[in-house]
Amino acid sequence: KTTWSATDMIQTQEEGQATVELAHDVPGARWIPVHQAILDEANGQVHWQSKAQVLQQSGEDWTDVQLTLSTARSSLGLTPASLVPLRVDAVTSQPRAELAVSEKMLSDASSLGLDSVARAQAQNPAEQAIDLAGAVVSAGSGPVRFLIRARTTIPADGSTHAVTISEQSLAAELGYQSVPLLSPHVFRRARLINSGNAPLLAGVVSCFRAGSYVGDGRIHRVAAGQQFSQHFGSEGRILVHKEEIEDKSRKSGTFTKKVKLVKAYRITVKSMIDEEVPLELVDRIPVSTVDEVEIVLGSETEPDPEVDEDGIVRWTMSLQKDQVQVFVLQWIATAPRGDDAILERIR
């Protein structure tokens with residue numbers, strides 16, 4: 001066993017009594033957030049349960065304890081690491097000049113833990129008390145603390161024990177989504193808003209639909225009031241087929257000295273679901289960061305989609321049973337003659 005002693009010195013203006021609480025980091029104890037999402041399609045809701053998987057090997061069983069879970073990480077320190085200059089010098093060790101980086105500079109950078117800069121975060125919370133089903137939460141702009149209401153026992157054997165943090169029913173905007181460039185399948189999607197007063201922490205989500213487990217997904221941290229999407233597996237009653245219908249290169253004109261690449265695809269969608277359902281169809285076109293190369297949507301694209309700055313193309317539609325809808329995506333890349341290799345890379 002390892003023991004510690006602590007000395008406190010207290011100065012007061014007058015005699016009295018005081019309670020002193022000491023806290024220290026215990027090695028061998030950790031927790032991770034996990035979630036469970038159960039889709040209720042009939043009522044347009046998702047029952048969301050957040051839990052913590054706690055394990056500890058501190059050498060002492062925690063018996064009937066009041067457990068507090070914190071997202072603070074003392075191992076990251078309080079401030080970001082300091083950068084040191086990284087100088088590149090030209091040295092001549094061969095017939096030609098080579099660039100070399102001082103090994104001392106690299107070792108200095110490593111000793112300062114520069115890889116931890118991305119993980120360091122400001123911790124200066126403006127706290128407020130929040131009530132949840134399984135925990136009382138102290139949350140702010142920095143770390144979050146969950147005071148688990150139910151007392152619990154965690155043995156020091158390294159086994160995982162689940163404790164409930166919160167449960168809530170979230171109103172869901174239900175629909176379907178397909179990305180035929182990556183998969184021929186269509187997926188059930190629920191758009192949700194975190195209606196609680198505490199964040200949903202990043203972690204694994206076990207998803208259930210129609211009373212059956214459909215798989216594990218992941219969510220990033222979702223702030224209170226933030227909208228996010230959760231998918232609940234594939235939907236076999238909607239068929240999506242994508243095929244290439246045009247792929248050709250040609251000169252743009254006799255005097256323009258340009259070459260042109262034209263690509264086009266046809267996407268066919270058919271639903272066999274009895275009721276009308278919404279579907280989002282997602283595709284993409286290349287985006288040029290080179291001034292000499294221009295890429296635009298072709299005139300044969302129909303119907304007109306939404307296209308963002310990253311070239312992500314979206315169509316939103318309503319599907320009737322047995323109705324076939326056809327979408328055409330055409331894009332045209334133009335480059336100076338002699339730069340045919342660039343267009344081939346784009347192809």
Side-chain angles (χ1 to χ4, degrees), residues 32-53 69 130-137 139 144 146 148-150 160-179 182-240 269-282 314-323:
I32 59 172
V34 294
H35 308 272
Q36 186 180 86
I38 302 174
L39 176 60
D40 181 355
E41 294 180 281
N43 296 311
Q45 291 185 331
V46 171
H47 179 73
W48 195 281
Q49 186 178 61
S50 296
K51 292 187 176 183
Q53 290 183 344
L69 307 173
I130 300 170
D131 249 0
L132 291 182
V136 176
V137 182
V144 181
F146 301 94
I148 306 301
R149 285 198 175 100
T160 300
H161 296 265
V163 297
T164 299
I165 295 176
S166 68
E167 293 185 52
Q168 52 184 322
S169 290
L170 306 178
E173 179 186 335
L174 298 178
Y176 297 90
Q177 186 181 51
S178 175
V179 187
L182 302 179
S183 169
H185 302 292
V186 176
F187 294 87
R188 188 57 152 155
R189 180 183 65 188
R191 282 197 175 108
L192 308 168
I193 294 178
N194 178 14
S195 56
N197 292 323
L200 300 176
L201 302 180
V204 173
V205 185
S206 297
C207 297
F208 296 80
R209 179 185 175 193
S212 300
Y213 168 74
V214 293
D216 286 347
R218 290 195 65 86
I219 63 166
H220 299 291
R221 181 184 173 112
V222 180
Q226 181 180 348
Q227 186 182 73
F228 66 105
S229 292
Q230 182 60 53
H231 290 81
F232 290 86
S234 62
E235 174 55 69
R237 296 173 296 173
I238 301 178
L239 305 179
V240 175
V269 180
K270 181 180 179 180
S271 172
M272 292 176 287
I273 301 176
D274 290 335
E275 67 271 11
E276 182 180 355
V277 294
L279 172 69
E280 182 183 53
L281 198 60
V282 184
R314 299 177 190 273
W315 288 279
T316 302
M317 71 205 75
S318 293
L319 296 177
Q320 302 282 353
K321 183 180 181 181
D322 296 330
Q323 178 188 14

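Note that the structure is predicted; figures quoted are calculated from it, not measured.
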Run the side chain to side chain contact (heavy atoms under 4.5 Å, CB included) test on Arg209 and Glu235 for me, step by step, so that the C-alpha distance in whole Å, both residues' side-chain angles and the decisive distance to 0.1 Å come before the verdict. CA-CA 11 Å; Arg209 179 185 175 193; Glu235 174 55 69; 2.8 Å; yes
Pair Leu239-Met272, side chain to side chain contact (heavy atoms under 4.5 Å, CB included): steps then yes or no: CA-CA 8 Å; Leu239 305 179; Met272 292 176 287; 3.9 Å; yes
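Rounding to the nearest 0.5 Å places CG of Leu200 at 9.5 Å from CG of Leu192. In this structure, Asp274 CG and Asp322 CG are separated by 9.0 Å, a value rounded to the nearest 0.5 Å. Going from atom CD of Glu275 over to atom NZ of Lys321 covers 10.0 Å, rounded to the nearest 0.5 Å. Atoms CG and CD, from Asp216 and Gln36 in turn, are 10.0 Å apart once rounded to the nearest 0.5 Å. How far NZ of Lys51 is from OG of Ser166: 11.0 Å, rounded to the nearest 0.5 Å. Note that CD of Gln53 and OG1 of Thr160 are 5.5 Å apart. Values are rounded to the nearest 0.5 Å.
A heavy-atom distance below 4.5 Å is not found between the side chains of Thr316 and Pro278. Two residues are said to be in side-chain contact when any heavy atoms from C-beta on lie closer than 4.5 Å; Ser169 and His47 meet this criterion. In this structure the side chain of Ser271 reaches within 4.5 angstrom of the side chain of Val277, judged on heavy atoms. In this structure the side chain of Gln168 reaches within 4.5 angstrom of the side chain of Asn194, judged on heavy atoms. For the pair Leu281 and Arg314, the minimum side-chain heavy-atom distance is 4.5 Å or more. Taking the side chain as every heavy atom from C-beta outward, Ser206 and Val34 never approach each other to under 4.5 Å.
For Phe228 against Ile193, the heavy-atom pair with the smallest separation is CE2-C, 4.3 Å. What you find for Gln226 and Arg221 is that their closest heavy atoms are OE1-O, 4.1 Å. In this structure, Ser234 and His185 approach most closely via the heavy-atom pair CB-CB, 4.3 Å. Minimum interatomic distance between Gln323 and Ser318 (heavy atoms only, all atoms of both residues): OE1-O, 4.1 Å. Residues Ala224 and Asn197 approach most closely at CB-C, 3.8 Å, considering heavy atoms. Considering every non-hydrogen atom in both Ala190 and Phe232, the closest pair reads CB-CE1, 3.9 Å.
Judged by the 6.0 Å and 45° rule, Arg188 forms a cation-pi pair with Tyr176.
Checking each of Asp40, Leu39, Ile38 against Val46 for a side-chain contact (heavy atoms from CB on, under 4.5 Å) leaves exactly one that passes, namely Leu39. Each of Leu201, Val144, Ile165 was compared with Leu69 under the side-chain contact (heavy atoms from CB on, under 4.5 Å) criterion, and only Ile165 meets it.
Relative ring orientation between Trp48 and His35 is described as tilted, the plane-to-plane angle lying within the 30° to 60° band.
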